[in-house]
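Nothing here was measured: the structure is a model prediction, and the numbers come from that model. For the numbers below, each heavy atom of this structure counts, side chains included, while hydrogens, waters and symmetry mates do not.
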Amino acid sequence: MLLEWWSGTECVIHTDPQAYPKYGKENAIVVLNHKFEIDFLCGWSLAERFGVLGGSKVLAKKELAYVPIIGWMWYFTEMVFCTRKWEQDRKTVSKSLLRLRDYPEKYFFLIHCEGTRFTEKKHQISMQVAQAKGLPSLKYHLLPRTKGFAITVRSLRNVVSAVYDCTLNFRNNENPTLLGVLNGKKYHADLYVRRIPLEEVPEEEDECSAWLHKLYQEKDAFQEEYYRTGTFPETPMVPPRRPWTLINWLFWASLLLYPFFRFLTNMISSGSSLTLASFALVFFVASMGVRWMIGVTEIDKGSAYGNIDSKQKRSD
């Protein structure tokens, strides 16, 4: 609701017109680049525009499960959480993914294979890893972490029909932020979506990893073309905006805010200094909590992937 109705941000999809009718009619693994603070919102917007947001899932870092309200909601809606330590994730992630095999609704499974948001520092270290492993350098992406993608493909094969390779960018060098969206700022996004049948993704882990590295080289080329020409390949389309997120928000806002303002009015009219001070403290703590949750999305407060020590301790 915040992205589409409050800020009015529009996301133009560039895709093959023959693949377009299949979107929302099948289960899919969505591979999205991870460079912008609101890229996850654009992924949710894609799912919402095609009517599958309610059932869609994401592979997210475990820390997000502890974020008040939002993290708890993700936990109870069966999002898949990982610690980004493979020995711990091998069983837990696989178990969570296998539960999706008999999920009753159509869904997109969103995964950021880079594992963390792009920064120049992280990119420099990521390319050092690429050089050490004999992999081609990437200009606009970090080296993808292949094990999570491989286990996702293996666990959901014959249930998911395709991989949607999604490459996101913003016009006029916009640098979108969640705080900007909350302030009502409108951004202009372009999203290149390629539908790749899952049969084309190799089953063996080593071959699947090589396939993913090749995919990110292609994504890099698409980004290069976007920065050069200002557009992605294929036909631009704008799926119609659906009213349900707005209606849902208005319903709950009306239900919850009316008694809240009644309570606030009665408290102020009581004239008790202790009561007012207590409310001010609660409001301050709540404001700081919201600001902390926004900070989780900020690029400069991402994971420690870009640190030298982290690089030495982690492997693909």
Given side chains that start at C-beta, do those of [X] and [Y] come closer than 4.5 Å, heavy atoms only?
X      : Y      : result
Glu10  : Arg241 : no
Met237 : Pro17  : yes
Leu100 : Val159 : no
Asp39  : Phe170 : no
Tyr192 : Asn169 : no
Val160 : Phe109 : no
Trp244 : Leu53  : no
Glu78  : Lys57  : yes

Could you measure the distance from the [atom1] atom of [X] to the [atom2] atom of [Y]? Nearest 0.5 Å is fine.
X      : Y      : atom1 : atom2 : value
Asn183 : Ser7   : CG    : OG    : 10.5 Å
Met127 : Leu135 : CE    : CG    : 8.5 Å
Glu224 : Arg228 : CD    : CZ    : 7.5 Å
Cys113 : His141 : SG    : NE2   : 10.5 Å
His14  : Thr231 : NE2   : OG1   : 4.5 Å
Cys42  : Ile13  : SG    : CD1   : 10.0 Å

Least distance between heavy atoms, [X] atom then [Y] atom:
X      : Y      : value
Glu26  : Ala162 : OE2-CB, 4.0 Å
Ile38  : Thr177 : CG2-C, 3.6 Å
Pro243 : Trp5   : CA-CZ2, 3.9 Å
Gly54  : Glu105 : C-OE1, 4.3 Å
Ser161 : Glu199 : O-OE1, 4.3 Å
Leu198 : Val163 : CD1-CG2, 3.7 Å

Are Arg195 and Asp16 close enough for a salt bridge, meaning some N to O gap below 4.0 Å?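 Salt bridge absent between Arg195 and Asp16.
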With a 4.0 Å cut-off, would you call Glu114 and Lys122 a salt bridge?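 No salt bridge links Glu114 with Lys122.
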Test your reading of the model: is there a side-chain donor-acceptor pair from [X] to the backbone of [Y], 3.5 Å cut-off?
X      : Y      : result
Arg49  : Pro239 : yes
Ser96  : Val80  : no
Thr77  : Trp74  : yes
Arg101 : Arg157 : yes

Residues forming a ring-ring contact (aromatic ring centres under 6.0 Å, His included) with Phe108, sequence neighbours excluded: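 Applying ring-ring contact (aromatic ring centres under 6.0 Å, His included) to Phe108 gives Tyr164.
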Non-neighbouring partners of Lys62 that pass side-chain contact (heavy atoms from CB on, under 4.5 Å), sequence neighbours left out: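 Testing Lys62 for side-chain contact (heavy atoms from CB on, under 4.5 Å), a comparison that skips the adjacent residues, returns Tyr66, Phe81, Thr83.
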Contacts of type side-chain contact (heavy atoms from CB on, under 4.5 Å), residue Arg171, not counting sequence neighbours: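 Only Val12, His188, Asp190, Tyr226 meet the side-chain contact (heavy atoms from CB on, under 4.5 Å) criterion with Arg171.
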In the single-linkage hydrophobic clustering (I, L, V, M, F, W, Y; side-chain heavy atoms under 4.5 Å), do [X] and [Y] co-cluster?
X      : Y      : answer
Ile196 : Ile111 : yes
Trp249 : Phe251 : no
Phe36  : Leu2   : yes
Met1   : Phe40  : yes
Leu59  : Leu98  : no

Heavy atoms of other groups near [X] [atom1], more than 12 under 6.0 Å:
X      : atom1 : value
Gln131 : CD    : no
Glu203 : CD    : no
Tyr227 : OH    : yes
Asp206 : CG    : no

Tell me whether the NZ or CZ atom of Lys219 lies within the 45° cone about the ring axis of Tyr216 and under 6.0 Å from its centre.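 Here Lys219 passes the 6.0 Å and 45° test against Tyr216.
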Parallel, tilted or perpendicular: rings of His112 and His34 (30°, 60°):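 His34 and His112: parallel rings.
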Parallel, tilted or perpendicular, as decided by the 30° and 60° cut-offs, for the rings of Tyr23 and Phe50: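 Rings of Phe50 and Tyr23: perpendicular, as their planes differ by over 60°.
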Do we see a donor-acceptor contact under 3.5 Å between the side chains of Arg99 and Tyr103?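 Short answer, no.
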Is it the case that the side chains of Glu4 and Ser45 hold a donor-acceptor pair, with the cut-off being a distance below 3.5 Å and no angle test?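 Yes - a donor-acceptor pair under 3.5 Å links their side chains.
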Given side-chain contact (heavy atoms from CB on, under 4.5 Å), test Tyr107 with Val52 step by step and report yes or no. CA-CA 5 Å; Tyr107 60 84; Val52 295; 5.6 Å; no
Quick one: do Phe118 and Asn33 satisfy side-chain contact (heavy atoms from CB on, under 4.5 Å)? Show the steps, please. CA-CA 9 Å; Phe118 183 101; Asn33 58 312; over 6 Å; no
Check the pair Leu168, Lys35 against side-chain contact (heavy atoms from CB on, under 4.5 Å), reporting the backbone distance first and the verdict last. CA-CA 8 Å; Leu168 176 70; Lys35 186 174 183 179; over 6 Å; no
Step by step, would you call Val201 with Phe149 a side-chain contact (heavy atoms from CB on, under 4.5 Å)? CA-CA 11 Å; Val201 183; Phe149 176 77; 4.1 Å; yes
